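All remarks here apply to the structure that follows.
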Amino acid sequence: MSTFDVVALGEPLIEVSTRGKITHGVDCGFAVSGDVVNTATAAVAAGARVAVVARVSDDELGTAVIDHLAGLGVHTGHIRRDRGFQGIYVQHSDPKGDRQFCYARSGSAGSRLAPEDLPDDVLESAGAVVVSGITASLSSTTRATVLAAAGRATRFVYDPNFRPRLTTAEDARALLLEIAPRCALITPSAPHECAALLGTSEAAEAAARLRTAGAAAVAVTCGAAGVHVDAETTYWQGAFAAPSVVDQTGAGDVFTGTVAARLALGDETSDAVRIGAAAASLAVGGVGGSGGIAPLEAVRAHAEVLA
């Protein structure tokens with residue numbers, strides 16, 4: 001395939017989920033995750049044709065990433081093998097959202113993603129190109145890649161995903177404001193991320209500031225409360241009650257990937273956000289970043305029952 005509904009850029013990670021506090025001898029599970037994997041998986045589940053642009057290690061771990069994505073139906077032909085090591089993270093979550101994360105990613109294969117890895121014509125023809133601020137924070141080359149992708153995409157969707165371990169609030173804010181005029185949609189979270197990057201914990205004010213900065217639309221996620229949307233109109237999308245809460249990891253990625261997919265497939269913003277909110281509420285019922293992603297039929301049924 002040369003034309004995709006969604007193209008996702010980022011760093012796939014090996015996910016080790018522990019069944020207790022991170023310590024020697026703890027039971028754990030092995031999976032493929034990372035924000036780009038979660039986003040791509042959600043977009044596939046939402047009905048989109050999806051490609052991932054990334055670098056992974058040239059060993060068994062990198063092969064595990066590619067095999068997993070290919071098994072989901074993601075196009076992997078734009079994933080480059082790299083002699084760097086495969087990024088890994090260890091995480092422990094409980095149903096209340098208390099989490100431990102430990103990353104081994106500095107200098108990883110994924111952090112070596114560069115503008116020359118962007119395939120010709122693929123971003124321009126995609127229905128949506130989705131990127132996280134995590135990707136931009138990994139290295140100078142990944143930052144340049146994100147900016148290059150934003151300049152080439154017809155519909156660029158950006159999740160700031162601010163991580164203090166990777167970058168400063170000042171640098172993340174500068175990138176956000178630089179990239180905002182190129183964004184069809186930005187999906188920050190409130191209150192903490194908006195406070196750090198935009199100087200306000202109020203979702204409506206944060207959205208208004210990003211719109212003033214040039215973003216075409218903003219959907220501020222507010223956890224279990226819902227989503228503030230500032231697009232063609234300004235409105236509040238209420239949250240959908242989660243049938244079960246096991247692990248909140250990746251819920252924001254699921255929201256962004258689902259919304260991007262539905263926009264690329266022709267949905268109005270209000271419909272795309274509604275489906276995205278329902279998908280995120282189901283996703284917290286599984287372990288890990290993409291363990292609870294539900295098929296579109298189940299998401300729509302969930303949204304209808306709780307409408």
Side-chain angles (χ1 to χ4, degrees), residues 1-13 32-56 65-66 68-82 109-136 138 141-161 179 182-187 215-217 219 250 252-267 272 276 279 289-290 293 296:
M1 292 185 294
S2 59
T3 302
F4 303 96
D5 301 311
V6 174
V7 175
L9 279 69
E11 181 191 30
L13 295 168
V32 174
S33 190
D35 61 317
V36 67
V37 174
N38 305 336
T39 299
T41 304
V44 169
R49 296 166 299 166
V50 181
V52 164
V53 177
R55 290 196 190 196
V56 299
V65 172
I66 291 174
H68 174 69
L69 288 171
L72 295 170
V74 174
H75 179 79
T76 60
H78 301 303
I79 298 179
R80 180 174 175 178
R81 305 304 291 260
D82 189 284
S111 72
R112 292 149 65 111
L113 187 71
E116 56 264 31
D117 296 327
L118 298 176
D120 293 338
D121 301 323
V122 171
L123 275 64
E124 292 83 352
S125 62
V129 175
V130 187
V131 182
S132 161
I134 291 175
T135 301
L138 296 176
T141 63
T142 58
R143 188 182 192 279
T145 305
V146 169
L147 288 170
R152 290 173 51 182
T154 302
R155 177 186 282 119
F156 190 73
V157 178
Y158 185 68
D159 181 355
N161 238 336
I179 214 168
R182 309 179 193 183
C183 291
L185 176 66
I186 303 178
T187 59
D253 302 332
V254 173
F255 173 80
T256 300
T258 302
V259 173
R262 296 314 308 170
L263 289 174
L265 291 167
D267 285 6
S290 55
I293 293 176
L296 182 59

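FYI, the numbering just counts along the sequence from 1. Please read these numbers as outputs of a predicted model, since none were measured by experiment. Values below: every heavy atom of this structure, side chains too, minus hydrogens, waters and symmetry copies.
Side-chain atoms of R262 do not come within 3.5 Å of backbone N or O of G276 as any donor-acceptor pair. With hydrogens and angles disregarded, no donor-acceptor distance shorter than 3.5 Å links the side chain of T135 to the backbone of V131. A donor-acceptor pair is defined here as one N or O able to donate and one able to accept, closer than 3.5 Å; no such pair exists between the side chain of D82 and the backbone of V56. In this structure, the side chain of R152 does not engage the main chain of V122 through any donor-acceptor pair within 3.5 Å. A donor-acceptor pair is defined here as one N or O able to donate and one able to accept, closer than 3.5 Å; no such pair exists between the side chain of S125 and the backbone of T3. Judged by distance alone, with hydrogens and angles left aside, the side-chain atoms of N38 form a donor-acceptor pair with the main-chain N or O of G34 at under 3.5 Å.
The shortest side-chain heavy-atom distance between L9 and L118 falls under the 4.5 Å cut-off. Residues V53 and V7 meet the side-chain proximity criterion, which asks for heavy atoms closer than 4.5 Å. In this structure, the side chains of V50 and H75 stay at 4.5 Å or more apart for every pair of heavy atoms. Using a 4.5 Å cut-off on side-chain heavy atoms (C-beta onward), V146 and F156 make contact. Looking only at side-chain heavy atoms (C-beta outward), R55 and D117 come within less than 4.5 Å of each other. Considering only heavy atoms from C-beta on, D253 comes within 4.5 Å of N161 through its side chain. In this structure the side chain of T41 never reaches within 4.5 angstrom of the side chain of V254, judged on heavy atoms. At least one side-chain heavy atom of V259 sits under 4.5 Å from a side-chain heavy atom of L185.
Closest heavy-atom contact between P12 and V37: CB-CG2, 3.8 Å. The two residues A128 and A264 come nearest to each other via the heavy atoms N-CB, 4.1 Å. Of all heavy-atom pairs spanning A184 and R155, the tightest one is CB-CG, 3.5 Å. Minimum heavy-atom separation, S132 to D35: CB-OD2, 2.7 Å. In terms of heavy atoms, C183 sits closest to I186 at CB-CG1, 3.6 Å. Nearest approach of G252 to D159, heavy atoms of both residues: O-OD2, 4.2 Å.
In this model, no donor atom of one side chain and acceptor atom of the other lie less than 3.5 Å apart for T39 and T256.
Residue E11 holds its CD atom at 5.0 Å from CG of L138, rounded to the nearest 0.5 Å. Here the CZ atom belonging to R112 is positioned 9.0 Å from the OG1 atom belonging to T141, to the nearest 0.5 angstrom. Distance check: T142 OG1 to I134 CD1 gives 11.0 Å after rounding to the nearest 0.5 Å. Atom NE2 of residue H68 and atom CD1 of residue I66 lie 12.5 Å apart, to the nearest 0.5 angstrom.
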> For L265 and D5, what are the C-alpha separation, side-chain angles and deciding distance, and is it a side-chain contact (heavy atoms from CB on, under 4.5 Å)?
Replying inline: CA-CA 7 Å; L265 291 167; D5 301 311; 3.7 Å; yes
